[in-house]
Amino acid sequence: MECRETAATTTGSPAAAVASATSPALLSPISPASSPTGSFPSSPPPTIIVSPCAACKILRRRCVDKCVLAPYFPPSEPLKFTIAHRVFGASNIIKLLQELPEAQRADAVNSMVYEANARLRDPVYGCAGAICQLQKQISELQAELAKAQAEILNMQCQNSNLVEFICNEMSQNQENCPQDQPNENSPFFFDENILGVAWEPLWT
């Protein structure tokens with residue numbers, strides 16, 4: 001009978017079981033003093049992952065802190081190094097950058113990329129072909145400019161000659177034109193004698 005009573009008390013209603021499970025003794029937090037080390041375990045510091053530059057990524061090598069290629073070939077521009085690498089090679093690019101001061105390296109990289117791109121477009125002439133074409137265009141434009149300036153000068157000379165010719169004609173016409181003299185047959189001709197006779201009674 002005692003065993004049945006104890007079993008009944010232990011296997012009672014579900015509410016009693018939940019109450020016994022959520023008792024304050026079971027839910028009490030673990031104090032730092034109760035842990036073996038006396039404090040909570042500290043989490044490891046987050047690891048910072050640095051993306052390698054485009055050159056090291058393409059060459060499949062480790063990108064060191066002072067990589068010569070990293071400032072000029074960022075990870076977001078892999079095509080830039082690919083073009084230069086296909087024409088010049090990685091070793092030549094690194095050697096050239098190491099021989100130059102830092103102030104001139106950016107211009108050197110841009111020049112190498114431009115020359116490599118021109119060489120891929122035109123394997124025969126490369127950058128020299130583009131330069132020759134530009135020089136030809138400059139010569140043609142200079143010839144057109146000289147021709148236009150000559151035409152403008154010619155028009156100015158013609159205008160000056162025309163103005164001078166008009167002035168000479170006007171001066172000659174004024175010299176050849178006789179002075180206007182009164183004509184007796186003109187209806188506006190007045191004889192002074194007739195005027196004197198007509199006005200004589202008025203003055204007496």
Side-chain angles (χ1 to χ4, degrees), residues 18 21-22 26-162:
V18 173
T22 57
L26 295 176
L27 295 179
S28 61
I30 301 173
S31 61
S34 62
S35 62
T37 58
S39 61
F40 291 107
S42 60
S43 60
T47 58
I48 300 174
I49 300 174
V50 179
S51 179
C53 65
C56 294
K57 190 174 182 180
I58 293 172
L59 297 175
R60 296 181 180 179
R61 68 179 187 181
R62 183 181 177 184
C63 189
V64 296
D65 295 336
K66 295 182 180 180
C67 181
V68 181
L69 303 173
Y72 313 105
F73 299 101
S76 59
E77 298 179 1
L79 185 61
K80 186 177 180 181
F81 179 76
T82 303
I83 294 173
H85 175 57
R86 289 180 61 183
V87 176
F88 295 99
S91 60
N92 293 327
I93 295 173
I94 295 172
K95 182 179 179 181
L96 179 62
L97 292 178
Q98 289 176 350
E99 293 176 354
L100 292 175
E102 293 184 0
Q104 299 178 359
R105 290 180 180 179
D107 295 334
V109 169
N110 293 331
S111 178
M112 283 189 290
V113 173
Y114 179 80
E115 292 179 6
N117 196 7
R119 179 66 63 180
L120 293 176
R121 290 197 307 266
D122 189 357
V124 178
Y125 297 103
C127 188
I131 293 173
C132 293
Q133 186 177 2
L134 292 175
Q135 288 179 349
K136 183 179 178 181
Q137 292 179 0
I138 291 172
S139 300
E140 292 176 355
L141 292 175
Q142 288 178 349
E144 291 179 1
L145 179 62
K147 184 178 179 181
Q149 290 177 349
E151 291 179 357
I152 291 172
L153 184 61
N154 189 14
M155 293 295 293
Q156 290 177 352
C157 293
Q158 290 179 0
N159 291 333
S160 61
N161 293 332
L162 181 61

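Reckoned from all heavy atoms, side chains included, excluding hydrogens, waters and symmetry mates. Predicted model only: the values in this text are computed from it and were never measured.
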N/O donor to acceptor pairs below 3.5 angstrom from side-chain atoms of residues 141-159, sequence neighbours left out:
from : atom 1 : to   : atom 2 : distance (Å)
N159 : ND2    : M155 : O      : 3.2

Identify every side-chain donor-acceptor pair in residues 109-117 under 3.5 Å, counting partners at least two apart or on other chains, and give the distances.
from : atom 1 : to   : atom 2 : distance (Å)
N110 : ND2    : A106 : O      : 3.2
S111 : OG     : E115 : OE2    : 3.4

Please tabulate, for side-chain N and O atoms in residues 120-130, each donor-acceptor pair with protein atoms closer than 3.5 Å (sequence neighbours left out).
from : atom 1 : to   : atom 2 : distance (Å)
D122 : OD1    : V124 : N      : 3.4

Could you tabulate the donor-acceptor pairs under 3.5 Å formed by side-chain atoms of residues 72-96, not counting sequence neighbours?
from : atom 1 : to  : atom 2 : distance (Å)
K80  : NZ     : Y72 : O      : 3.4
T82  : OG1    : P78 : O      : 2.8
H85  : ND1    : A90 : N      : 3.2
N92  : ND2    : F88 : O      : 2.7

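Between the R105 side chain and the L97 main chain, a donor and an acceptor come within less than 3.5 Å of each other.
No more than 12 heavy atoms of other residues, nucleotides or ligands shown are found within 6.0 angstrom of CD on E102.
Rounded to the nearest 0.5 Å, atoms CD (Q137) and CD (E140) are 7.0 Å apart. Taken to the nearest 0.5 Å, the CG atom of L59 stands 7.5 Å off from the CG atom of L69.
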